[in-house]
Student: 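Sharing a structure, written as structure tokens. Questions coming.
Side-chain atoms are counted along with the backbone in the values below, which use heavy atoms only and exclude waters and symmetry mates. Whatever order the structure lists ligands and atoms in, that order sets their numbers, starting from 1.
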Amino acid sequence: MKTRPRINRWTEARRELLFGDFSLKSLVQPHFVVQGSNVDNPVNGMEGIHQQSVDVLIETIRKDVEHGITAIMLFGVVEQSDKDEQATKASDSTSHLHEAIKQIKSEFGDTIVIMTDVCLCTATNHGHCGLVEHDHIVNDASVHRLCEIAVSHAQAGADYVCASDMMDGRVSAIRHALETANHTSTGVLSYSVKYASSFYGPFRHAADSSPEFGDRSTHQMNINSGYGEAVLEAQLDESEGADIIMVKPGLPYLDVLRKVADCVHRPVAVYNVSGEYAMVMNSAKDLDSRKKLVCEIMTSFKRAGADVVVTYHAREIARNAWLQ
Ligand code: PBG
């Protein structure tokens, strides 16, 4: 079984996220989950975004839900001392991230859509998105670890596991692993078209996931690559069974988003990344000018074909009712 179209129809929250008119319910709010309790650390360069321990996170989500947010994306931030070569912590079912997924699921059930980041970079001691052998990021062994991480998230209660690593063949491998573990209603969101962009700076700070040596250019797409490669990556993931296709970053790649949205048959998401968020927050200090910028940006994503927008602006949009 490669594609299960019912996955995107499984809950009302999923249907509204993917198939409703473009609205507040089309937005996904990212969160950075840290170990401990009562932790609420502002993230450098990302005003309004905090690293939070599970207890604080639950309260934040409760408030967000009251304001109408129905989808979240969780990133687990791993303590330095817990990082290793194999990214062991990333698939440890007792980790704070897994605890967060379980608690959110038990508290909010199917009323919200829980997306979880599946990558190695937050849990490897070298900060790379895959396993490293002889200074190279190896593909297939990394995919094996990604499958273990994805299944562990599904087990904890994730609606969608979100492969952000850009290894070849990971979507079909993850789909297969989910099937084998009987998680037939868990979807795969693929970061299909993800560029080796300079717009991820603040995020890497927030997730503590900067590579210790080298960069991500052997797996993320070259910023000069043409539409052909973007379409190829998107269609490959679609054929491998991805339930949602994502383009990332957003604003510098609106043209790519349009191309991809026109050539796939699955819902399309765009990631309005940390560097884009920081630009807006740094340039528009008062609420009114921010409202205009943020609404114009959301409109541009919608026009370019996005069904879903992952954005750090979601909370402010919800609290001020900028999008109904
Ligand atoms: C992990 C990952 C990254 C982002 C999302 N997932 C960083 C990267 O690829 O280097 C970036 C998100 C953002 O900048 O907001 N691989």
Student: Show me which atoms of ligand 1 lie under 4.0 Å from any heavy atom of C119.
Tutor: 16 (N)

Student: Salt bridge check, E47 against K285: does any charged N sit closer than 4.0 Å to a carboxylate O?
Tutor: yes

Student: Taking NZ, NE, NH1 and NH2 as the nitrogens, is one of them in K83 or D208 under 4.0 Å from a carboxylate oxygen of the other?
Tutor: yes

Student: Closer than 4.0 angstrom, basic N to acidic O: yes or no for D64 and R319?
Tutor: yes

Student: With atoms numbered from 1 as shown, which atoms in ligand 1 lie under 4.0 angstrom from a non-hydrogen atom of Y271?
Tutor: 12 (C), 15 (O)

Student: Of K194, Q220, H205, M46, which has the heavy atom at the shortest distance from atom 2 (C) of ligand 1?
Tutor: K194

Student: Looking at R216, which atoms of ligand 1 are within less than 4.0 Å of one of its heavy atoms?
Tutor: 8 (C), 9 (O), 10 (O)

Student: Using a plain distance cutoff, I'd like to know if S274 has any nitrogen or oxygen under 3.5 Å from a nitrogen or oxygen of ligand 1.
Tutor: yes

Student: At a 4.0 Å threshold, what atoms of ligand 1 neighbour a non-hydrogen atom of C121?
Tutor: 1 (C), 16 (N)

Student: List ligand 1 atoms under 4.0 Å from R204, heavy atoms only on the residue side.
Tutor: 8 (C), 10 (O)

Student: Identify, by atom number and element, the atoms of ligand 1 in contact range of K248, meaning under 4.0 Å from any of its heavy atoms.
Tutor: 2 (C), 3 (C), 4 (C), 5 (C), 6 (N), 11 (C), 12 (C)

Student: Report yes or no: is the cationic atom of K248 (NZ for Lys, CZ for Arg) closer than 6.0 Å to the six-membered ring centre of F199, at no more than 45° off its axis?
Tutor: no

Student: State the CG-CD distance between D237 and E233, to the nearest 0.5 angstrom.
Tutor: 6.5 Å

Student: Just checking H128 against H126, ring centres under 6.0 Å apart?
Tutor: yes

Student: Taking only heavy atoms of F75 into account, list the atoms of ligand 1 that are under 4.0 Å away from them.
Tutor: 5 (C), 6 (N)

Student: Taking the six-membered ring for Trp, are H31 and F75 closer than 6.0 Å centroid to centroid?
Tutor: no

Student: If hydrogens are left out, which of Y277, Y312, Y200, Y191 has an atom nearest to atom 15 (O) of ligand 1, that is, the closest non-hydrogen atom?
Tutor: Y312

